[in-house]
Each structure stands twice: as C-alpha cells, then as structure tokens.
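These notes are about the structure you will find just below.
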Number of protein chains: 2
Amino acid sequence: MMNMEWYRIFLHTAKLGNLTKAAHELHITQPSVSYAIKQLEAELGVKLFDRMSKGVALTTEGSALLEYVEKSFSFIDAGENKIRSLRELTAGELRIGANGPVIKHLLLPVLDQFHAEHPDVRIRLTQGKTSDIRNRLKEGRIDLGLVHLPLLDDDLNVDHLLAIQDCFVVGQAYRSLTKQSISTEDMIKIPLLLLSQESSTRAFVEQWLSSQGLHSEVDIELSSLDMLTEFAQRGYGAAFVTHSFVQDLLEQGKLFALQTREPIPTRSVGIATRRVGSLTLIANRFKEMLTADLNTNL
Amino acid sequence: MMNMEWYRIFLHTAKLGNLTKAAHELHITQPSVSYAIKQLEAELGVKLFDRMSKGVALTTEGSALLEYVEKSFSFIDAGENKIRSLRELTAGELRIGANGPVIKHLLLPVLDQFHAEHPDVRIRLTQGKTSDIRNRLKEGRIDLGLVHLPLLDDDLNVDHLLAIQDCFVVGQAYRSLTKQSISTEDMIKIPLLLLSQESSTRAFVEQWLSSQGLHSEVDIELSSLDMLTEFAQRGYGAAFVTHSFVQDLLEQGKLFALQTREPIPTRSVGIATRRVGSLTLIANRFKEMLTADLNTNL
DNA sequence: TAATGATATAGATCCTCTCTATGGAAGTCT
DNA sequence: AGACTTCCATAGAGAGGATCTATATCATTA
C-alpha cells in the first residue's frame, strides 16, 4: 500500500536532486531516503529518478508526478498554517448574540478588550431577544449567546454569568414617591413603562406581579431600554429596568429608583452555548474573558 | 513529527463521521483510527472531532483543516492517475526527429502502428537533417532521433537500426547506361543530382568519390528526395538515392539504377538517444516497436 | 591511481503502528 | 427499567517496516 511519507521524501529529493542532502533536510539517513524512493518507484511501477554520478535527476515521469506532489504538500502546509492561526487566535471568527442592553453594558467592554488582544479575529455580533438567540444558537448561526436566565433548553448549555437587580425608575415628576418605600399595589397605580411583549424582561416583571396576585395595565410599551428611560425621565411613569444599566442616569439625578416594599428578585444573565459539539477556540477564549472580567468587576 | 498517514485517516473519518466505518474503509481496526486521530490532534494542538454518541463530528477547526486535506489528497490522487496513464501509455508525448525520406519510408509505417495502439499519446515529429536532430536531442527537445550513422557524440547513444543501400538512378534518357556495369569515372561524366551541401547523404557520397581519388562537379543540388527523383526521371542526370526509398519508381520503370563497378558501401540508419537520463516509457515503447518492425520486415 | 562524492545493499535494531481484548458512555428497544 | 446495541477510548502485546550503521560500488576528478 502507498505510504504518504514516501511522497514527502520524494518531494525533498526532487527539489534537492540529491538523496544525501534530502536525508539531511529530513533528519534521516541517506539509506532511508534511498529505501523510500525505491519503495515509491516499485509501488508506482515507474522510475522516478535517474541516478547520475552527482546526484539524481527526475525522469519525465518523475517530473509529471512532482507537479502534483508539490501542490498536494502545499495544501497540507496551508492547512497546518490555518490550524496554527486558529490555535493562536489570529484567524477565525467569533459569533455572539445578545440583546441590546446587554451588548451595550456588558458585552462591549469585554469585546473591546478581546478585539485589542485578537485583532485578526472577525467579530460577528447579532442583536436579538433571548428567544432569538436561542434559535440562532440551535441553528448553529452563533457560537455563544448572552441570555436572561432561566433558559431551559435540552440542546443548550447555560452558565450563570452574573446576577442583575431590576428596579422601577421614575423621573423628576414622581420623585416624591422615592423618598420612602412603596407597596406594589400603590406602585402599579403609576403608569408603567415596560419592554414589549415578547421580551424575557417583560415576562419576568409580569410574573413577579402575578405572584403577588396583581396585574398591570401597561401604559407604554417600548422595545429599547433607551426609550424606556427617555420616557421615564419625561415623567410618563415608572420604567422597569436593570439597575446597573441606568446607574449613570441615577447618579446624574435624571432618574430615581422606587423602593419597592416587596423586593424584586434578582435574576441572572448567563452564557448559552450548544450542548452538542465543542466551542471554537475563539469562543472559548471569549467566554473565559467574559467570566474573568465580570469577576474582577464585582 | 507529523505523519502524512494520519491525514489520510483523518480524511476518511471526516467524510464518514464514524471511526468504525473509516477503519473498515481503510482496512484497519477502529482503535488504529482512534489512535491516529488522537496523534494528529495532539500534534496540531487542536481538537478535530467532537465525539458524539453515534459517531464523530468535525469541530470548526477540523472543518477548516478538512478543506485543505481534501485538496491535498485530490492532488495525490490526480498524480497517481497521471502516473498510471503514463505507465499504460494513455498519456504523455513522443518526440521524434528524422529526415524527410526516413520519416516517409521508415518512420511512417511504425508511427501508424504506434498511434493505433496508443491513440492518447501525443506525437511530436520534427523533420531535419542528422545534425539538426543531434542538436535537438542534446537540448532535450526530442527524445529519440533517427539518424544516419556514423554519428559520433559523447552525449548520445546510437543504436544501429538497419542498413541501407544507396545507388545512382537515372531516367529513360540514360537507360542505356544501366545495361551493364559502369566505372565511377564514367559515371561522374553524367550530370550528378545530389542533396544539398549540409546533408549527411551528400557527405557520404562525396567521401566515397574522394576515396577513389575522384571529385564531382555537382550539377543540380536539391534538398528533397522527391525533387531528386523528379529531375532524374526527366533525364537531367543521375541521382544519388537510397535504393529502397525509390523501389516503387524502379518497379514502375520510371527510374533505372546504375550498376557501379565500384560497389557503394552500405550505410546505416540508427536510433539516437541521450546518454544521460532515461527514456520516457513512451519513447522506450516506440523504440522497441521500431526495432521489432524492422526485424520482421527484413 | 587515489580521493572524492554519490547511491545501493545488507543486516540489525528499534519504534510505531496495528491488533486483540475490554471498558464505558449514550442511545434504543422491549 | 433493564437489556441491547452502537460507538469510541484505553491498555498491553506484537509485528512489521522504517531507520540506522557499516560497507560496497560506481563515476568523476585531481
């Protein structure tokens, strides 16, 4: 049976025209090269080299073979280089999905760091709701998703990343209500500003309310955090938002958090990946970076 | 060190997605495949397959590698096919050189036979004088030349192919001279029709004459056998030609051979090849055919 | 003719691949 | 749930081929 190693030896020998030099280059001895060439010639049934007084010279048939063998090995070389690049994270891509606020407040700083360290990695970022991200993950269109927990899916693996605390915020108009704690019943008398129906945040707040036997009439339903805070600032009502995502506005005195008597449970943001198969080296690295970063920023 | 055989095993495994099946296809056992994949992964420093419950699946990195490995092996396959074709004489080319009369009267019949047996071999035929053929051979532009002997050249190997007998022929006008033998001295009183200066045939006839202390004034100097016989037929004089090449015209009574009292020595046509290096399989085959053919046609 | 620089060959050795046997994990079918 | 099947991993033994050392051989060159 044909042995691919013989081709490697053939290639070096053909290029150098000298068994002894080829042996040197391959870190083997001259008889080994002689043996390999002989095997190859026997197996192919064709003489590949003319043995000259000072070295060897390709026969016509040998030359014909060389063309192919050269190309073959150049592809192997290219493949090994590609693998090296992937291993050293100087090639490949990172495909992530997350929702808007998470991208802006959690992902972006880490992404900056990642991009600085691995500028050759192409970053493909998709914005979407947790449910979108789940689908994209399962379809293999992204490698890694940042999602709100709980996310139950047999195909996905979800690691807790960090806990977030939600709260209701209001603008100057309702500032008086923030002086002391407020019951949930009283609170929902204020017009509520919530994210649109399908979001997991909306599901969360509605579940919290219903656990207290309450139900809210939503007054204003928006699809982005920025708009929610904008409306809240202008006094349209109380917006349900993640505390740390509006930190700046709270500090600037543009928004004020209500102190709900009934505490709002914390919830988690997690990293979701496919359960089957393994992460790309890149995604792995990024995941490490995410967890490391958020642990130092505690 | 990287072993090319591992790539072969990788390729089969990747395509089948199943170590056991790959082992079957490669006529080895499943643990061998398992081992090879493991070695390759270790050497590349990258996991190539995810081990699933029912088989294996390429990782992203494995897929990247596969692209290259596929191409690499397809070139090896192509190379092996090419060699097979060359071995079976269903590819490649035959490059021959010979002078006009030899092509017409010696080469053509054998070439017909060769072409019938090996229609896929491209035939490159160059017409030229013996000296041209020698140069082309030495430059590697042809593989095989049919030349007049003697041809002395350290770089070339010349095998005797067949002996030819030259003669002087005349047309109807001089027919009377062919009734009985004629002395060389008398003969050169007839106008002589010879090939042009540089041809080896011309050199041969002049050497024959001068060996008898004679010298000829050439009357008509032409560069092709056909023209020589044409002029001879029309009674312009005696043409020096190879007997077997004008056999037909002699039989048809269009030409008549002089019986020279001093016999014209036979000379030889030979096959010339480069001394260094080896013949292509094709040229070898053709050479065999030439010698075989001319031995049966004795 | 000796020296040089090649390749070829012989025989011993060692390494690596392959094998057999077995274990273990994940799914599948009663 | 338990038996079965399918597939991969591991361990250890064994064989065979690639490699090594030593030497022969051949052609060229000084």
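Below, chain A is the first sequence line, B the second, and so on; all start at residue 1. Hydrogens, waters and symmetry mates play no part in the numbers below; they use all other heavy atoms, side chains included.
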May I ask you to verify if any side-chain N or O of [X] is less than 4.0 angstrom from the OP1 or OP2 atom of [N]?
| X | N | value |
| --- | --- | --- |
| A:R51 | C:dA6 | no |
| A:T29 | D:dT21 | no |
| B:K54 | C:dT28 | yes |
| B:S32 | C:dC17 | no |
| A:N3 | D:dA18 | yes |
| A:S34 | C:dT7 | no |

Side chain of [X]: nearest nucleotide among [options]?
| X | options | result |
| --- | --- | --- |
| B:Y35 | C:dT16, C:dC19, C:dT28 | C:dT16 |
| B:W6 | D:dC8, D:dT19, C:dC17 | C:dC17 |
| B:S53 | D:dC8, D:dA22, C:dA26 | C:dA26 |
| A:I28 | D:dT19, C:dT18, D:dC8 | D:dT19 |
| A:L19 | C:dT16, C:dA8, D:dC20 | C:dA8 |

For the pair made of [atom1] in [X] and [atom2] in [N], what is the distance, rounded to whole Å?
| X | N | atom1 | atom2 | value |
| --- | --- | --- | --- | --- |
| B:H27 | C:dC19 | NE2 | C1' | 16 Å |
| B:N18 | D:dA9 | CG | P | 11 Å |
| B:E5 | C:dT16 | CD | C1' | 13 Å |
| A:L40 | C:dA8 | CG | P | 14 Å |
| B:E43 | C:dT16 | CD | P | 11 Å |
| A:I37 | C:dA6 | CD1 | P | 16 Å |
| A:K38 | C:dA6 | NZ | P | 20 Å |
| A:H24 | D:dC20 | NE2 | P | 11 Å |

message = Please classify the nucleic acid contact of A:V33 as base, sugar-phosphate, or nothing, using heavy-atom distances under 4.0 Å.
response = nothing

key: Proximity of B:F10 and B:F49 rings by center, below 6.0 Å   = yes

task = Would you state whether a donor and an acceptor, one from the side chain of A:Q30 and one from the base of C:dA6, lie under 3.5 Å apart?
result = no

query = Which of parallel (below 30°), tilted (30 to 60°) and perpendicular (above 60°) describes B:Y68 and A:F75?
reply = tilted

task = Kindly give the heavy-atom pair with the smallest separation between A:I37 and A:R51, and that separation in Å.
result = CG2-NH2, 3.7 Å

ask   = What pair of heavy atoms forms the shortest contact from A:A22 to A:T13, and how long is it?
value = CB-OG1, 3.5 Å

request  = Starting from the 5' end of DNA chain C, give me the residue, B:Q39 or B:P31, whose nearest nucleotide shows up first.
outcome  = B:Q39

query = Is a side-chain donor-acceptor pair under 3.5 Å present for A:N157 with A:T273?
reply = no

ask   = Would B:T201 and B:R267 count as a side-chain hydrogen bond (donor to acceptor under 3.5 Å, both in side chains) if you check the C-alpha gap in whole Å, the side-chain angles of each, and the deciding distance to 0.1 Å?
value = CA-CA 10 Å; B:T201 301; B:R267 50 181 187 141; 3.0 Å; yes

